[in-house]
There are 2 protein chains.
Amino acid sequence: MARKRHEDALATRARLLDAAERVFRRRGVGHTSLAEVADAAGVTRGAIYWHFKDKADLFQALVRRVEMPINAALEEMSRASAADPLGAVRRLAVHALQGLAADRRTQAVFDVVFLRCEYTEELAPVRARQLGDRKDCLRRCEAAFERAIAKGELPAGTDARVAAQGLYALVTGLMRSWVETPGRFDLGAVAPKLVDVYIAGLKSDPPRRTPAPRKSAAGRVRRPQAA
Amino acid sequence: MARKRHEDALATRARLLDAAERVFRRRGVGHTSLAEVADAAGVTRGAIYWHFKDKADLFQALVRRVEMPINAALEEMSRASAADPLGAVRRLAVHALQGLAADRRTQAVFDVVFLRCEYTEELAPVRARQLGDRKDCLRRCEAAFERAIAKGELPAGTDARVAAQGLYALVTGLMRSWVETPGRFDLGAVAPKLVDVYIAGLKSDPPRRTPAPRKSAAGRVRRPQAA
DNA sequence: GTTTACATACATTCGTGTATGTTTGTAAAA
DNA sequence: TTTTACAAACATACACGAATGTATGTAAAC
């Protein structure tokens, strides 16, 4: 085929990404050949190899399309955490969950990321980016919780790091749960309730910092069943 | 090679499962050929096709090896939930997490299940089983929370279903987080703290049942920032 | 002698990467 | 302004390896 104009080429690229989303979701990243993606986009493999280096590169571009809004929300949370730390964290968590519940593209990408791909060597760059994003998110949330402690919104002695890990686990766990069975529950409605449950728990029974990292065997628990 | 005795054959089968655990974890389920598994086990593909129907069958057997203890803990939880519902739920969640933190085989299988395989058509039976297990777990936890409400351990009007979904998300989210970066935090120590945070949150700010499923647009939040 | 528990060999399919072909926008040269 | 040359944006073709399933071989246990 012939040469297109710039905008036509960008349209082709976008159609390739859309097609990859659909096919990856249905057949899995590793199980789909680039020929299938090309077919679904109405082009040939040549188009893919023109726009992308290989399948991993295509996948990476696919993920980055939905990363930006989340990162923007993270930034905003860090700003707002100065005045209202707990509120900022709450808004971030709820916003992330409701964003997933509302946006079809986000749903497709999270479906692929959670269930339809395996993180081996060839996806190492994607994986590294995911872990970096997670680390960043945890650091920001931890910082916000620290501010909440300083402001007296959370009890002194609260382990902000553990608190952040718990919130992250709750949110991502909900995301995965919902992606596994979409439509089985109303994520948009459940999200604020459960985030509030967790934050209320942080206030009334927060994770305490371990008083001193003794040399004794770690891993076992000692807390006498605080029920 | 020659024929072995029954116990020898069972040992070969076990070594195949062990080898598959290692290779799947390193290279991903879809990206590993059965020849690699056979090599790692010191046999040929013939042995695999003797003991298992195909790769999916091998993977399924691999997962089932670690499912039993968890299901047993679930049963025990249901029994204990009559007398001490919240305590039983708490013990189940903490036990599951610490079981992951302690057992190498469980770690390997969860690693593969979370990160190194893609759930496509060929893994449909495995997937169906996972979803069934999840459903069972959610139902039992919901029932336990209902008992807790009946006993006054949780406020009346608490939505037990949502409460169970949140706990499940927290626990599985922690599992995945820890599997993603093992050694980055002490799961055995963090687990009871965060489970307690969540349960304390259920007590002080529980998810309320939606009073009446009005016809109004669902999904948006209305709660006036309960900070 | 028969079946078990594998090993070996084979045919076939599939996917990838690359090399090459082809057409047309587009900008500079004339 | 027309022509020329180049490069963008793909399509097509090919070579290669790799994985699967099956078919067959085989030696020891029972």
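Below, chain A is the first sequence line, B the second, and so on; all start at residue 1. These numbers come from the heavy atoms of this one structure, side chains and all, not from hydrogens, waters or symmetry mates.
The CG-P distance, from B:Leu16 to C:dA5, rounds to 13 Å in whole Å. Here the P atom of nucleotide C:dG15 and the CD1 atom of A:Ile48 are 13 Å apart, to the nearest Å. When rounded to the nearest whole Å, the span between CG of B:Asp8 and P of D:dA27 equals 18 Å. In this structure, B:Leu58 atom CG and D:dG21 atom C1' are separated by 16 Å, rounded to whole Å. One atom, CG of A:Leu10, and another, P of D:dA8, lie 14 Å apart when rounded to the nearest Å. Between A:Phe52 atom CZ and C:dG17 atom P the separation is 15 Å, expressed in whole Å.
In this structure, A:Glu67 places its CD atom where more than 12 heavy-atom neighbours from other residues, nucleotides or ligands lie under 6.0 Å away. Atom CZ of A:Arg147 sits in a sparse spot, with 12 or fewer heavy atoms from other residues, nucleotides or ligands closer than 6.0 Å.
In this structure, B:His51 does not reach the C:dA5 phosphate: none of its side-chain N or O atoms is under 4.0 Å from OP1 or OP2. An OP1 or OP2 oxygen of D:dC10 is reached within less than 4.0 angstrom by no side-chain nitrogen or oxygen of A:Trp50. For D:dC10, the OP1/OP2 oxygens have a side-chain nitrogen or oxygen of A:Thr12 closer than 4.0 Å. Note on B:His6: a side-chain N or O is less than 4.0 Å away from OP1 or OP2 of C:dA5.
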Between protein and nucleotides 13-20 of chain D, map the contacts as a letter string: B base, S sugar-phosphate only, - none, heavy atoms under 4.0 Å, written 5' to 3'. B-----SB
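Using a distance-only test at 3.5 Å, with no hydrogens or angles considered, no donor-acceptor pair links the side chain of A:Thr181 to the main chain of A:Trp178. Judged purely by atom type and a 3.5 angstrom limit, A:Tyr119 has no side-chain atom pairing as donor or acceptor with the backbone of B:Phe114. A side-chain donor-acceptor contact under 3.5 Å links A:Arg15 to the backbone of A:Ala41. Formation of a donor-acceptor pair under 3.5 Å by the A:Glu36 side chain with backbone atoms of A:Val23 is not found in this model.
Both A:Gly30 and A:Gly46 lie near DNA chain C, and the one whose nearest nucleotide falls closer to the 5' end is A:Gly30.
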B:Arg140/B:Asp136 under salt bridge (charged side-chain N to carboxylate O under 4.0 Å, His left out): CA gap, chis, key distance, verdict: CA-CA 6 Å; B:Arg140 289 174 191 270; B:Asp136 182 52; 3.1 Å; yes
